[in-house]
Amino acid sequence: MLVETLREMDEAGLDLRVWCYGCGRAVDIWSGYWADWERKGWSMRLDDLPPRFRCTRDHHDGTDHEVLLLPTR
């Protein structure tokens, strides 16, 4: 199944795993947050989401690390 938005992920029963390229840390995000994003006027397209996520791990060097978004259950 191909999904293009956070809402479609929620409807498919999937959540979002955000993986940091800088440290390898991954965090799962509930896809049901799409309603909050819609209320704020933010894009829910998966291609538009990576800039919204930044790793908060303490030992980062202050550099913004790219993230990878993966569907998860």
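Hydrogens, waters and symmetry mates are skipped; everything else that's a heavy atom, side chains included, is used. If you're wondering where the values come from, they're calculated on a predicted model, not measured in any experiment.
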> Could you give me the CA-CA distance, side-chain angles and deciding distance for W37 and L49, then say whether side-chain contact (heavy atoms from CB on, under 4.5 Å) is met?
CA-CA 11 Å; W37 290 50; L49 296 184; 3.1 Å; yes

> Output the distance between atom CD (E66) and atom OH (Y21), rounded to the nearest 0.5 Å.
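These two atoms lie 8.0 Å from each other.
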
> Locate the shortest heavy-atom distance separating L46 from L6; write the atom from each residue and the value.
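In this case the closest contact between L46 and L6 is CD2-N, 4.0 Å.
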
> Can you tell me which residue pairs pass the salt bridge (charged side-chain N to carboxylate O under 4.0 Å, His left out) test with a partner in residues 14-25, sequence neighbours excluded?
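Passing the test, one end in residues 14-25: R17-D28.
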
> Assess whether side-chain contact (heavy atoms from CB on, under 4.5 Å) is satisfied between T72 and L14, documenting all intermediate values.
CA-CA 6 Å; T72 188; L14 300 170; over 6 Å; no

> According to salt bridge (Lys or Arg N to Asp or Glu O under 4.0 Å), who are the partners of R45, at least two apart in sequence or on a separate chain?
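Here the qualifying residues are E4, D47.
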
> Does the W19 side chain pair with the main chain of V27, one donor and one acceptor, at a distance under 3.5 Å?
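Looks like no, no N/O pair under 3.5 Å.
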
> Minimum heavy-atom separation for D10 and S31, please, with both atom names.
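Closest approach of D10 to S31, heavy atoms only: CA-OG, 3.1 Å.
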
> In Å, rounded to the nearest 0.5 Å, how long is the span from CD of E11 to OG1 of T5?
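With rounding to 0.5 Å, CD (E11) is 7.0 Å from OG1 (T5).
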
> Evaluate the criterion side-chain contact (heavy atoms from CB on, under 4.5 Å) for residue pair L69 and F53; output intermediate values, then yes/no.
CA-CA 10 Å; L69 303 178; F53 296 100; 4.2 Å; yes

> Please evaluate residues D36 and R39 with respect to the criterion salt bridge (charged side-chain N to carboxylate O under 4.0 Å, His left out), reporting the C-alpha separation (whole Å), side-chain torsions for both, the decisive distance (0.1 Å), and the verdict.
CA-CA 5 Å; D36 293 337; R39 211 174 1 264; 2.3 Å; yes

